[in-house]
S.K.: 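Before anything else, here's the structure in question.
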Amino acid sequence: MKVSQLFGRTSKTEGIDYKIPSHRLLTQAGYIRESTAGRYYLLPLGLSVHHKIEAVVRKHMNAAGAQEVVMPVLHPLELWKETNRTTTTGFELMKITDRRGAEFALGGTAEEMAVDLVRKFNISYKDLPFNIYQFSMKFRDEMRARGGLLRVREFVMKDAYSFSTESQFKEIYQKMWDAYKAIFEELGLKVDVVAADNGYIGGEYCHEFVVESDQGESRYFIDESSGYAAHEDVATFKVDEKNLGEEMREMEEVDAVRGNTMEDGAKLHNMPLWQQTKDVLYFDEATKRYILAIIRGDFDVNETKLMQAAGAWDLRAATTEEICEDLHSEPGFISPINIVKKGTKSGYEVVIVGDKSLRTVRNMYGGANKKHRDILNINIDRDYKPDIEADIALAQPGFSGPDGGPLVERRGIEVGNIFQLGYHYSNLMADADYTDDSGQRQKYYMGCYGIGIGRTMAAIVEAHHDDKGIMWPDNVSPYSVYLATIGEAENVRQAADGLYQALTEAGVLVLYDDRTEVRAGEKFADADLLGIPYRVVVSEKTLANQQFEIKGRGDADARLLGQQDIIEMVTSKQNNSAIMDFRS
RNA sequence: CGGGGUGUGGCGCAGUUGGUAGCGCGCCUGGUUUGGGACCAGGAGGUCGAAGGUUCGAGUCCUUUCACCCCGACCA
């Protein structure tokens, strides 16, 4: 491809105030252009990178036995109603109606479609296991798109769906895990595999593949000694025992003229924070229940864990009015002791969820559900009994991980994930089953596996750039060589044309900067910005002894080589995966 | 959805107490240049986000609305 013919151009001013490096560099180099917030044009260069990433993903998915399909982008809304996800997706479904009034969802993920496809084939155990996947545009009505390609409203996702028996599942999950490791390694990305929360998608466990980056939105913890890695939503830690040797003392209600914070309580009673009870009242809009979370005073409530433990999917903080008038308690003095079982006005039930850390302390102190009254010597079991006992504590940096080592906090970009769905969808959807070897219908067991292609592209740029521009790894760069002429001399042009042809015939993708009106400095700046692995320069100077100048994008110095050596040097680094120039 | 901000040629911006739009980059033409973003001369390109209002007159004042950016909430 000749630069003079390439659609799109570099710009010094376009996107100058974008804060995220990948956003700015991809824009300035002419890989992407914004349409509206969270929606991007992929220009020829950007599409080329996109295709190369897809090719790597496809290669490893196929090698792992998955089979590529394409599903419609418009999903019949009845399918989403079948799984009750029209209201509970976690992202606002985008809907569209055709002129006959048929309703569709713009696909944001495709579990229902995959099940619907599979049930059309009335499968048996002989068909299992299998894994189908696609690359397709996904639509998310994000509240707030940001960070260029990092969080968008439309993007190409590779999404895969596996169908198997429960006993076959572990192997499939492991295969996807291994395939993902191989994919990201080939793309030049170091990933942490992080245990995460399944959220609205269902299932019991899942893992995120995260590229460590300051620009990432995922926060997670690593125990570097053991390799334990978990998203902050699910991270667990060892809870130290405090004063379990102490005798239980008589419960006692006392005056407590203090403010509403934990610190106020610790100060007033001159006792440690950990001996105080932290009582946080929530209301779940989905099930119309109050959820009273109780935890040791030196910990915080992890709301994701709380949602899982209580089955409360639409949690919000309770209002002062609800606390005072419906539950007859007092902000800052809420307590499980003598709390009403039901709101006296609303009739809504109060569910008490206790963290397991409550079993590491004796004789706790806390509110009395009355203003300026506290209770001393509170002990679990004797004085109150949680309806649900679970780990609902939020991990913090420095806490001991489940394997004993200290937890280190990291931030990263989630580029892929693998989910165990189990029977979640086969339970919700009709005929999501197969015939077993005794002729009985059985629910199948599912998993799903996603990779965001555009986000991966941005993550690669985040991991591979300097202050001059992008530095693509060899196998995702749109071209292997940036060939630039300097000057308008006829012999320079002829030599460059010859090298362009020779490299192309050798199978090397070359971006040939044939512009005559552009000076050397600008060509060098463009070459750096674009991030092509090799820059080859042809000028009267290099031709003085029949040579060309070649420089790696990350190298400080260039060297002079003859044409044959150039070709050898470049082809030896060429990646052999089935990759082609989609523009020529 | 809450808080803050911005909308003026393709991009980045200026525009005074209201008087009918300008600069830099880019683009086009000609010339001089040519190893890290050159220079000279000429040129094209804007109903100032949209709608309504005040006024003799609105980029500027008022009202409404839309879009985008940043922070938060949310979020495979």
Side-chain angles (χ1 to χ4, degrees), chain A residues 8-20 23-24 27-28 30 33-39 88-92 108-111 138 140-148 150-153 155 157-160 180 194-203 205-210 216-219 231 233-234 303-304 313-317 412-421 447-452 455-456 468-469 484-489 492 513 515-529 535 537-544 549 551 558 560:
Chain A
R9 74 166 78 87
T10 60
S11 166
K12 278 190 280 187
T13 49
E14 178 75 45
I16 192 79
D17 57 342
Y18 292 161
K19 301 223 156 43
I20 313 285
H23 190 196
R24 187 177 62 247
T27 301
Q28 293 189 331
R33 194 66 167 246
E34 189 174 77
S35 162
T36 57
R39 303 180 205 279
T88 60
T89 46
F91 60 85
E92 193 69 25
T109 173
E111 288 76 15
K138 296 294 183 292
R140 301 281 168 92
D141 195 0
E142 289 288 345
M143 298 269 213
R144 188 179 157 209
R146 76 182 103 193
L150 289 177
R151 178 161 294 279
V152 294
R153 296 192 168 109
F155 61 99
M157 178 162 79
K158 184 284 299 173
D159 47 324
Y180 273 36
V194 177
D197 178 59
N198 290 44
Y200 62 86
I201 209 139
Y205 56 88
C206 69
H207 290 85
E208 294 182 350
F209 288 70
V210 183
E217 298 181 307
S218 289
R219 279 165 52 138
H231 194 278
D233 290 345
V234 299
E303 292 179 9
T304 303
W313 304 109
D314 194 3
L315 220 50
R316 62 162 171 82
I413 301 164
E414 180 193 347
V415 288
N417 48 43
I418 55 179
F419 278 86
Q420 175 260 28
L421 298 174
C448 72
Y449 318 89
I451 292 178
R455 185 184 281 183
T456 299
K468 289 180 175 163
T485 58
I486 293 177
E488 290 180 79
V492 168
D513 193 344
R515 296 173 296 177
T516 51
E517 70 283 6
V518 172
R519 296 154 58 103
E522 196 167 337
K523 290 191 178 188
F524 294 159
D526 278 350
D528 290 341
L529 180 59
R535 185 188 80 193
V537 172
V538 188
S539 72
E540 294 191 77
K541 217 158 87 183
T542 69
L543 290 180
E549 179 193 278
K551 177 180 161 307
L560 288 166

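Basis for what follows: all heavy atoms, side chains included, without hydrogens, waters or symmetry-related copies. Computed from a predicted structure; not experimentally measured. So you know, we letter chains A, B, ... as the sequences are listed, proteins then strands, and number each from 1.
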S.K.: In this structure, how many angstroms lie between the C1' atom of C11(B) and the NE2 atom of H23(A), rounded?
M.R.: 14 Å

S.K.: What integer distance in Å separates I16(A):CD1 from C70(B):C1'?
M.R.: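 Rounded to the whole Å, the gap is 17 Å.
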
S.K.: So what's G42(B) paired with, Watson-Crick or G-U wobble, going by both distances under 3.5 Å?
M.R.: C28(B)

S.K.: Write down the distance separating the P atoms in U16(B) and U20(B), rounded off to the nearest Å.
M.R.: 12 Å

S.K.: Okay, side chain of K138(A), backbone of K158(A): is any donor-acceptor separation there less than 3.5 Å?
M.R.: no

S.K.: For the pair made of CZ in R144(A) and P in A73(B), what is the distance, rounded to whole Å?
M.R.: 10 Å

S.K.: Relative to the 5' end of RNA chain B, which residue comes earlier, S35(A) or E208(A), by the nucleotide with the nearest heavy atom?
M.R.: S35(A)

S.K.: Taking a pair as Watson-Crick or G-U wobble with both distances under 3.5 Å, which nucleotide is matched to C48(B)?
M.R.: none

S.K.: How far does the C1' atom of G19(B) sit from the matching atom of G31(B), given to the nearest Å?
M.R.: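 Approximately 41 Å lies between the C1' atom of G19(B) and that of G31(B).
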
S.K.: What integer number of Å spans the P atoms of A21(B) and A58(B)?
M.R.: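 The same atom, P, in both gives a distance of 12 Å.
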
S.K.: How close or far is atom C1' of C70(B) from atom CZ of R146(A), stated in whole angstroms?
M.R.: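 Going from CZ in R146(A) over to C1' in C70(B) covers 10 Å.
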
S.K.: Verify whether one side chain among T10(A) and D526(A) offers a donor that lies under 3.5 Å from an acceptor in the other.
M.R.: yes

S.K.: Which whole number of Å gives the distance between the P atom of C69(B) and that of U63(B)?
M.R.: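 To the nearest whole Å, 26 Å.
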
S.K.: For C56(B), which nucleotide is its Watson-Crick or G-U wobble mate, given both distances must be under 3.5 Å?
M.R.: G19(B)

S.K.: Could you check whether the side chain of T36(A) and the base of A67(B) have a donor-acceptor pair of N or O atoms closer than 3.5 Å, going by distance alone?
M.R.: no

S.K.: Whether the side chain of R153(A) engages the backbone of R39(A) through a donor-acceptor N/O pair (distance < 3.5 Å, no angle test) should be reported.
M.R.: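 Not at all, since once roles are kept as given, no pair shorter than 3.5 Å links the two residues.
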
S.K.: Take atom OH of Y18(A) and atom P of C70(B), then tell me their distance rounded to the nearest Å.
M.R.: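 In whole Å, C70(B) P lies 9 Å from Y18(A) OH.
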
S.K.: Under the rule syn = chi within 90° of 0, otherwise anti, which is U60(B)?
M.R.: anti

S.K.: Write down the distance separating the C1' atoms in G59(B) and G7(B), rounded off to the nearest Å.
M.R.: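 Straight-line distance between the two C1' atoms is 11 Å.
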
S.K.: Please give, in whole Å, the distance from C68(B) P to E142(A) CD?
M.R.: 14 Å

S.K.: Is G72(B) paired to anything, Watson-Crick or G-U wobble with both distances less than 3.5 Å, and if yes, which nucleotide?
M.R.: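 Its partner is C1(B).
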
S.K.: Does U33(B) have a Watson-Crick or wobble mate here (both distances under 3.5 Å), and if so which one?
M.R.: none

S.K.: Sub-3.5 Å donor-acceptor pair from the side chain of R151(A) to the main-chain atoms of R146(A), do we have one?
M.R.: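 Judged by distance alone, no pair lies under 3.5 Å.
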
S.K.: Pick the P atom in G24(B) and in A14(B), then give their distance to the nearest Å.
M.R.: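 After rounding to an integer number of Å, I get 15 Å for this pair.
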
S.K.: Within the modelled atom types, does a donor on one side and an acceptor on the other bring the side chain of E111(A) and the base of A76(B) under 3.5 Å apart?
M.R.: yes

S.K.: Atom CE of M143(A) to atom P of C69(B): distance rounded to whole Å?
M.R.: 16 Å

S.K.: Taking R33(A) first and then E14(A), would you say they form a salt bridge - that is, a charged N and a carboxylate O separated by under 4.0 Å?
M.R.: yes

S.K.: If a protein heavy atom is under 4.0 Å from the base, mark B; if only from the sugar-phosphate, S; if neither, -; do that for nucleotides 28-37 of chain B going 5' to 3'.
M.R.: -----BBBBB

S.K.: When you measure from the side chain of R455(A) to the backbone of L150(A), do you find a donor-acceptor pair of N or O atoms at a distance under 3.5 Å?
M.R.: yes

S.K.: Paired with G7(B): which nucleotide, if any, by Watson-Crick or G-U wobble criteria at under 3.5 Å for both distances?
M.R.: C66(B)

S.K.: Could you give the distance separating G52(B) and U60(B) at their P atoms, to the nearest angstrom?
M.R.: 14 Å

S.K.: Considering only the P atoms, how many Å lie between U6(B) and G49(B), rounded to the nearest integer?
M.R.: 13 Å

S.K.: Donor-acceptor pair, K551(A) side chain versus V537(A) backbone, under 3.5 Å?
M.R.: no

S.K.: Expressed as a whole number of angstroms, how long is the span from K19(A):NZ to C69(B):P?
M.R.: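 So the two atoms are 11 Å apart, to the nearest Å.
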
S.K.: Just checking, R535(A) and F524(A): is the charged tip under 6.0 Å from the six-membered ring centre and within 45° of the axis?
M.R.: yes

S.K.: Taking atom OG1 of T27(A) and atom CD1 of I20(A), what is their separation to the nearest 0.5 Å?
M.R.: 11.5 Å

S.K.: Starting from the 5' end of RNA chain B, give me the residue, G38(A) or D159(A), whose nearest nucleotide shows up first.
M.R.: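 Between the two, 5'-proximity favours G38(A).
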
